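Just below is one structure, and these are the notes that go with it.
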Amino acid sequence: MNENPYRTTVLAWYERNARDLPWRTESATPWSILVSEIMLQQTPVVRVLPAWEAWMRRWPTAADLAAEPSGEAVRMWNRLGYPRRALNLHACATAIVERHGGNVPETHAELLALPGVGVYTSAAVASFAFGQRHAILDTNVRRVLARLETGIEYPPKAPAKAEFALAESLLPEEPAVAARWGVAVMELGALVCTARSPACGSCPVIADCAWVLAGKPPHDGPPRRGQTYAGTDRQVRGKLLAVLREAPGPVDKSALDVVWEDSVQRERALDALISDGLVDPLDSGEYALPG
DNA sequence: CATCCGTGGCG
DNA sequence: TCGCCAAGGAT
């Protein structure tokens, strides 16, 4: 019923070409895999690699991280970006200790209930850490399926129902094989079927590719999102948080005021950081990473 | 459903 | 140079 013609080919390609990433090794744990998935949310593998190594060395288990103040997680996060993920990871650790006896939960629903864990991450951990059968629909898989099956260069901005149905229909029955299939397609998207300049010449399933067959028609429709950064609140938040990360302890307000000219925007960004729990305004008038 | 949320590298 | 993109999630 879900016998796709290129499954074996993709799996064989993965066997030969998969990168040996540390969170894919035998010594990886459900917790270390969860950490990798959170870090990899919108952050390239090359930048996650050293951060993950350092993080796992310092906090090998969820309990180790839960025992620390959340601010230490934010500091350790360094410049990975989207620092709320550091807070999420710390909250995950706490929830795992309090609700699951220190072990990462195994069901998709329990994983989904963890902070910062959405549909993708939940499926990824259930699949990669516990060998379960779940459709993996990340940006790589979406792009591969858009080309291979739908014949378009890029998938729509937001995942559509049809995409889940398609991913579901291609999923091998055997859980262990399904888990393998998931990483394999992701890897194909990451290494060959890339966004910019796909290496169709070295693609193992080029003969099955609807997009190639159609003559590689360029993206048709609204231009792909261009997220500006310079001058935004996000840039200001980044500068403010960097000051706190690099300081050994609490800092005076004056140390924060120098990072951005526009005081209105600066105060708005600081308030937002405090509201998000990334910054702690002390009674002394100083500011610090959360305790 | 659109927008917000960091950071850095590459074509 | 600068827009685009990178294993998304929450609101």
Side-chain angles (χ1 to χ4, degrees), chain A residues 18-19 21-24 28 32-52 74 77-89 91-92 111-129 134-144 153-161 163 167 179 182-191 193-199 219 222-245 259 265 268-269 271-273 275-279:
Chain A
R19 295 165 290 182
L21 302 171
W23 44 85
R24 285 179 183 164
S32 71
I33 291 172
L34 174 58
V35 171
S36 78
E37 289 300 337
I38 299 282
M39 286 185 171
L40 286 163
Q41 290 170 358
Q42 298 289 282
T43 303
V45 168
V46 285
R47 217 163 357 126
V48 166
L49 237 20
W52 183 88
V74 175
W77 196 254
N78 201 7
R79 304 183 68 81
L80 269 189
Y82 293 144
R84 59 176 50 171
R85 291 182 294 161
L87 246 30
N88 288 151
L89 212 36
C92 276
L111 287 163
L112 198 53
L114 295 173
V117 175
V119 171
Y120 161 74
T121 302
S122 177
V125 173
S127 179
F128 305 154
H134 295 283
I136 304 297
L137 204 61
D138 78 320
T139 184
N140 290 303
V141 176
R142 295 187 63 219
R143 188 175 55 251
V144 170
E153 186 178 20
Y154 297 117
K157 300 185 194 306
K161 289 259 188 178
E163 289 185 74
V183 261
V185 181
M186 282 178 65
E187 195 77 337
L188 185 63
L191 299 182
C193 195
T194 58
R196 296 288 181 83
S197 46
H219 177 67
R224 323 233 328 131
R225 72 167 189 281
Q227 47 178 8
T228 52
Y229 179 65
T232 63
D233 285 10
R234 290 154 74 181
Q235 183 181 22
V236 184
R237 289 167 55 114
K239 285 180 176 295
L240 290 171
L241 205 55
V243 171
L244 293 173
R245 259 197 326 259
V259 305
Q265 187 179 22
R268 183 175 65 227
D271 286 344
L273 284 172
S275 170
D276 287 348
L278 284 163
V279 173

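Note that the structure is predicted; figures quoted are calculated from it, not measured. The figures that follow rest on heavy atoms only: side chains count, while hydrogens, waters and symmetry mates do not.
Checked by atom type, the side-chain pair A:N88/A:R85 shows no donor-acceptor distance below 3.5 Å.
In this structure, the CG atom of A:L80 is 9 Å from the C1' atom of B:dT7, given to the nearest Å. For A:L89 and B:dC5, the CG to P distance is 21 Å, given to the nearest whole Å. Distance, A:K157 NZ to C:dC4 P: 10 Å, rounded to whole Å. In this structure, A:I38 places its CD1 atom 14 Å from C1' of B:dC5, rounding to the nearest Å. Straight-line distance from the CD atom of A:E37 to the C1' atom of C:dG9: 13 Å, rounded to whole Å. Rounded to whole Å, the distance from CD on A:Q42 to P on C:dC5 is 12 Å. Rounded to whole Å, atom P of B:dT7 lies 11 Å from atom CG of A:L278. If you measure from atom CE of A:M39 to atom C1' of C:dG8, you get 15 Å, rounded to the nearest angstrom.
Evaluation of atom-type donor-acceptor distances gives a pair under 3.5 Å for the side chain of A:T43 against the base of B:dG6. Not a single donor-acceptor pair, N or O on each side, falls under 3.5 Å between the base of B:dG11 and the side chain of A:R196.
Using a 4.0 Å heavy-atom criterion, one finds that A:R268 contacts no nucleic acid atom at all. The residue A:L21 sits close to a base: some heavy atom pair falls under 4.0 Å. Across all strands, A:T139 comes closer than 4.0 Å only to sugar-phosphate atoms, never to a base (heavy-atom distances). As judged by a 4.0 angstrom heavy-atom cut-off over every strand, A:W52 is placed among residues making no nucleic acid contact.
Each of A:L241, A:V74, A:D271 was scored for a side-chain contact (heavy atoms from CB on, under 4.5 Å) with A:V279, with one residue passing: A:L241.
Using atom C1' as the reference point in both B:dG8 and C:dT1, the two lie 16 Å apart (nearest Å).
Distances shorter than 4.0 Å separate some side-chain N or O of A:R79 from OP1 or OP2 on B:dG8. OP1 or OP2 of B:dG6 has at least one side-chain nitrogen or oxygen of A:R237 nearer than 4.0 Å. Contact check, A:R143 against C:dA6: a side-chain N or O comes under 4.0 Å of OP1 or OP2. Contact check, A:Y229 against B:dT7: a side-chain N or O comes under 4.0 Å of OP1 or OP2. Residue A:R234 places none of its side-chain N or O atoms closer than 4.0 Å to OP1 or OP2 of B:dG8.
In the region residues 117-127 of chain A, proximity to DNA chain C at under 4.0 angstrom, judged on heavy atoms, holds for A:V117, A:G118, A:V119, A:Y120, A:T121.
Judged by closest nucleotide on DNA chain B, A:A158 is the one of A:G238 and A:A158 placed further toward the 5' end. Taking the nucleotide of DNA chain C with the nearest heavy atom to each of A:N88 and A:L40, the more 5' of the two is matched to A:L40.
In the set B:dG6, C:dG8, C:dA7, the nucleotide with an atom closest to the side chain of A:R24 is C:dA7.
For A:R143 (side chain) and A:C193 (main-chain N/O), a donor-acceptor pair under 3.5 Å exists by modelled atom type. Checked by atom type and distance alone, the side chain of A:R19 never pairs as donor or acceptor with a backbone atom of A:E187 at under 3.5 Å.
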